[in-house]
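Shown next, in structure tokens, is the structure this report addresses.
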Amino acid sequence: MARRVAARARARARAGGVPRSEGTIQDRARVGSGGAEDALDVFDELLRRGIGAPIRSLNGALADVARDNPAAAVSRFNRMARAGASMVTPTVHTYGILIGCCCSAGRLDLGFAALGHVVKKGFRVEPIIFNPLLKGLCADKRTDDAMDIVLRGMTELRCVPNVFSHTIILKGLCHENRSQEALELLHMMADDGGGCLPNVVSYSTVIDGLLKEGDPDKAYATYREMLDRRILPNVVTYSSIIAALCKGQAMDKAMEVHDRMVNNGVTPNCFTYTSLVHGFCSSGQLTEAIKFLEKMCSNGVEPNVVTYSSLMDYLCKNGRCTEARKIFDSMVKRGLKPDITTYSSLLHGYAIEGALVEMHGLFDLMVQSDMQPDHYVFNTLIYASAKQGKIDEAMLVFSKMRQQGLKPNCVTYSTLINGYCKVTRMENALALFQEMSYKVTSKRGVTKIPLYDK
DNA sequence: CTAGGGTTAG
């Protein structure tokens, strides 16, 4: 939602260049139901005005469309390219956005094809063309391939990787739990003599990776190093540290960092507050959590779906689903769209309370709202029925899950096996166990069997 | 117009 609001704001800002008499874009942006539609309108309007629209604005509008709807952006690009000869000519930036669309749609092959096209067209190859591809490779856990391109491939095309290219690799390494290597690459950048100096984003990425991998000492040393280089931490750096402390329920320390951040003139945002709300909840300090929720509102920071989901999850885990549901309903009323995590939390809450009617009601609502239930949701429904000894109901959900094209995983089977054991239908349990053995290949080769009663 | 941070888990 925040992203949508931001997209709308950007769309409006862009439309702001339009003379007031032609206020159609603003009006549509204001009443528009979503950021993607607004951005599309702005783009179309700019394209319609042809030569009057600077390519930079078109690229910006295209990037807005791409954020919410990559496929729509590709079709808009084609329209733009057709208009090209007489109206506007795509730049490398336009192609960069397009390649980004291909990659975020999981079509790296198309992205690379587009790269080839750009090279053939005689464009100078710039990092902005490569960077989305690097990001796509890293998202696919192919950071080594991406690194190979940065350290060799790009230079072969006389394209010098920039700080964005390197930071994508840093993030990719951290994502693969290789934050030590990320740290080495960060030092390489810093020692390289200025070609591509790391900035606050590069440092924050590695600090976050080290924290997530459980190496706070190295993270702190890296933070010191950043300060020594006169690079100031920003809201992301602080939020990342606060999040790590909250996760470890070190709320006193999290508050210290929060205070220091504010004293240093860095304003906490929704991410920062959400971490704190979650941290206070998970350490059982509901009063403090609510205090921060109120604080963020009074500071003009709107809680979003994640903030509310965090609070709801706490309530659900403490047998207070009814209150969580109230938050859910008021969220919907205020136009915030619950996401899969919100539903999962509440469904899980109903499941452990044994509130099967409410649970299925919410499940139906979820499907009506066009949310695709995932493994976790189905496993939760199965768990709820099995736990009450209603194994046949659980098996019905199981077949529904497969109808949806979802492959049952280890958790699914284990939950059902446990359900059959509970009602002492051992032959069914055994049959499922055998089915699981050849259908599910567990990564570690070990199956954890759940236990309901304590 | 590209890079970094927050929520769910038998």
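In what follows, chains are A, B, ... by sequence order, proteins preceding strands, each numbered from 1. Just so you know, these numbers come straight off a predicted model, no measurement behind them.
The shortest distance between the side-chain N/O atoms of K247(A) and the OP1/OP2 oxygens of dG6(B) is not below 4.0 Å. Note on H175(A): every side-chain N or O is 4.0 Å or more away from OP1 and OP2 of dG4(B). The shortest distance between the side-chain N/O atoms of K135(A) and the OP1/OP2 oxygens of dA3(B) is below 4.0 Å. For the OP1/OP2 pair of dG4(B) and a distance below 4.0 Å, the side-chain nitrogens and oxygens of K212(A) include no atom meeting the criterion.
Protein atom CD1 of I168(A) is 17 Å distant from nucleotide atom C1' of dG5(B), rounded to whole Å. If you take CE of M261(A) and C1' of dG6(B), they are 12 Å apart, rounded to a whole angstrom. Between the CG atom of N269(A) and the P atom of dT7(B) there is a distance of 14 Å, given to the nearest Å. Here the C1' atom of nucleotide dG4(B) and the CG atom of L134(A) are 16 Å apart, to the nearest Å. Regarding N304(A), its CG atom lies at a distance of 9 Å from the C1' atom of dT7(B), rounded to whole Å. The CG-P distance, from D64(A) to dC1(B), rounds to 10 Å in whole Å. For I129(A) and dC1(B), the CD1 to C1' distance is 11 Å, given to the nearest whole Å. Atoms CE (M371(A)) and P (dT8(B)) sit 16 Å apart, rounded to a whole Å.
Among the atoms of the strands shown, base atoms are found under 4.0 Å from some heavy atom of N131(A). Heavy atoms of T237(A) sit under 4.0 angstrom from at least one base atom. C316(A) comes within 4.0 angstrom of nothing in the nucleic acid, heavy atoms only. If you check every strand for non-hydrogen atoms under 4.0 Å, S204(A) touches a base. Across all strands, T205(A) comes closer than 4.0 Å only to sugar-phosphate atoms, never to a base (heavy-atom distances). Base engagement by V235(A) is indicated by at least one non-hydrogen atom pair under 4.0 Å involving a base atom. H348(A) comes within 4.0 angstrom of sugar-phosphate atoms only, judged by non-hydrogen atoms across all strands, and of no base.
Rounded to the nearest 0.5 angstrom, C281(A) SG and L286(A) CG are separated by 5.5 Å.
Considering only the side chain of R56(A), dC1(B) comes nearest among dG4(B), dA9(B), dC1(B). In the set dG5(B), dT8(B), dT2(B), dT8(B) carries the atom at the smallest distance from any side-chain atom of S345(A). Taking the side chain of S239(A) as heavy atoms from C-beta on, and the options dG5(B), dT2(B), dT7(B), the nearest nucleotide is dG5(B). Of the candidates dG6(B), dA9(B), dA3(B), dG6(B) carries the atom nearest the A243(A) side chain, counting heavy atoms from C-beta on.
Residues forming a side-chain hydrogen bond (donor to acceptor under 3.5 Å, both in side chains) with D148(A) (at least two apart in sequence, or on another chain): R152(A). Under the rule for a side-chain hydrogen bond (donor to acceptor under 3.5 Å, both in side chains), R124(A) has no partner lying at least two apart in sequence or in another chain.
Side chain of D208(A) to backbone of S204(A): no donor-acceptor contact under 3.5 angstrom is found.
Here F398(A) and Y413(A) bring their ring centres to under 6.0 angstrom of each other.
A donor-acceptor pair shorter than 3.5 Å can be found between the side chains of N299(A) and Y273(A).
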